[in-house]
There are 2 protein chains.
Amino acid sequence: MSNNADLENRMASLKAYMDANHLKSTAQRDTIAEIFFKSNTHINLEELLTKARKKTAKIGHATVYRTMKLLIESGLAVPRQFGDGQTRYENLPRDGHHDHIICIKCSKITEFRNDEIEALQLESAKKLGFKVINHKLELYGYCNSCG
Amino acid sequence: MSNNADLENRMASLKAYMDANHLKSTAQRDTIAEIFFKSNTHINLEELLTKARKKTAKIGHATVYRTMKLLIESGLAVPRQFGDGQTRYENLPRDGHHDHIICIKCSKITEFRNDEIEALQLESAKKLGFKVINHKLELYGYCNSCG
DNA sequence: CCTTAATTGAAAATGAATATCAATTTCTTT
DNA sequence: AAAGAAATTGATATTCATTTTCAATTAAGG
C-alpha cells in the first residue's frame, strides 16, 4: 500500500465518520486532517496550526483543537502527554501499534515494538479480570548520543 | 519493615536531600511530605492541600506544588498524567515498581507488576542504544465490573 | 542572639484547552 | 439554482492547572 493510498484511506475513514454523524466537510478540517495524516512525528497544536495556515487562508487555534478532537473520537488520532505540559497527537501507523523510548536529556522520541511484551501485557491483564483495549508504554532514559 | 519505619526512612531520605542542597526543613514541607508518603493512591494537588490544611495552619497551593517538585527532584515522588488534565503524584512503593491498568469506563486504577515485561523492556531499549532509567506502562480497557 | 539565605502565602501571570456567539458556509430540499 | 436549516468558523473571553513575583516571615549557623 503506497503512502498516498494510505492517506486516501484515512481521509475516507474520516469522511465516513463525518457522514455518519451529520458533520460537514470543510476546507479547514480537510487541511488539518491531511497535515496530521502526513505527519510521522508526534505533532502538537502549534505545528499543526503553522502548517495549516500555510495552506488555508484563515484558521483559528480553536478549530485545530476541535478537529483533533474529532479525529480522536473517530479513532484516527491518539492524544499523548509526554510531560511537557502540551498534548501531542499521534498518527496511528498503518503497520500497527508501537511504543516509545524518550531521552530524558535531549527529548528525542524513538519508536519501537515488541510483540512479546504485548502478549505478556494481555496475559497480565487477563489474570486481573481486565479486557485490554489500548495501552501506552514509555521508556525514559538516555539515548546513545546523551548516554 | 513496618509502615512506620518505612515512613521514617522516606522522611530521612528527604532530610538528607535537603541537607545536601542547603534547603530548610519547615512545618509545611514536613506536613506535605508526610501526607504524601502515607498516601497509597495517586494523590493530586487538591487532596494534598485539603489534608495538609487540616494539620498545619496555613498552607498555600504554591507551597504544595513547590514541595511536590522537591519530592520529584529527590526521587521520592513520580508525577503522572492519566489524561484528565491534572497531575497526580505517585508514591514509589517500597517493594519496587509497578504498572497500571485503568478502566476506561469507571476509571478504576489497578496496579500490577510483571518482571518478565520489565526484562524485555530493558532488552528492547538496549538494542536501540538506550539506557533506561524509568518507565511507564499503562493498560487501558474494561475491568470485570464494567467489561 | 543575629545575620543571612531560604521559604512562605497572596496575588498576579502564564499557558493550554474550552466555551460563547455572531457571521459564514455547507448540505439538503425544493 | 435558490433557500432554509443546521453545522462550522474565528475572535474573544473564560476556565483551570501551574508558575512566578515579591514583601514578609522563618530556619539555621555562627
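Just so we're on the same page: letters track the sequence lines, and every chain starts at 1. Basis for what follows: all heavy atoms, side chains included, without hydrogens, waters or symmetry-related copies.
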Flag if over 12 foreign heavy atoms under 6.0 Å of CD, B/E46: no

Rounded interatomic separation in angstrom, taking CD from A/Q81 and C1' from C/dA16: 11 Å

Toward the 5' end of DNA chain C, by each residue's nearest nucleotide, B/H22 or A/S25: B/H22

Between C1' of D/dT18 and CD of A/Q86, the distance in whole Å: 15 Å

D/dA11 phosphate, OP1 or OP2, under 4.0 Å from A/K58 side-chain N/O: yes

A/H100 ring center near A/F112 ring center (under 6.0 Å): no

Any A/Q28 side-chain N or O less than 4.0 Å from OP1/OP2 of D/dG10: yes

Whole angstrom value for the distance that separates C1' of C/dG15 from CG of A/L49: 15 Å

B/T87 side chain near D/dT18 phosphate (N/O to OP1/OP2, under 4.0 Å): yes

Rounded distance in Å - CD1 (B/I72) to C1' (D/dT19): 14 Å

Spacing between B/H61 atom NE2 and D/dT19 atom P, to the nearest angstrom: 11 Å

Contact under 4.0 Å: A/R66 side-chain N or O vs D/dT8 OP1/OP2: no

A/L23 vs B/L23, nearer the 5' end of DNA chain D by closest nucleotide: A/L23

Residues B/L70, B/M18; criterion side-chain contact (heavy atoms from CB on, under 4.5 Å); working and verdict: CA-CA 9 Å; B/L70 171 62; B/M18 290 199 295; 4.1 Å; yes

Contact under 4.0 Å: A/Y65 side-chain N or O vs C/dT18 OP1/OP2: no

Heavy-atom side-chain contact between B/K136 and A/K136 under 4.5 Å: no

B/I32 to B/L48 - nearest heavy-atom pair and separation: O-CD2, 4.4 Å

Phosphate-side-chain proximity, A/T26 and D/dT9, N/O vs OP1/OP2 below 4.0 Å: yes

Whole-Å gap separating P (C/dT25) and CZ (A/R29): 15 Å

Spacing between B/D19 atom CG and D/dA27 atom P, to the nearest angstrom: 15 Å

Spacing of B/I32 atom CD1 relative to C/dT7 atom P, expressed in whole Å: 13 Å

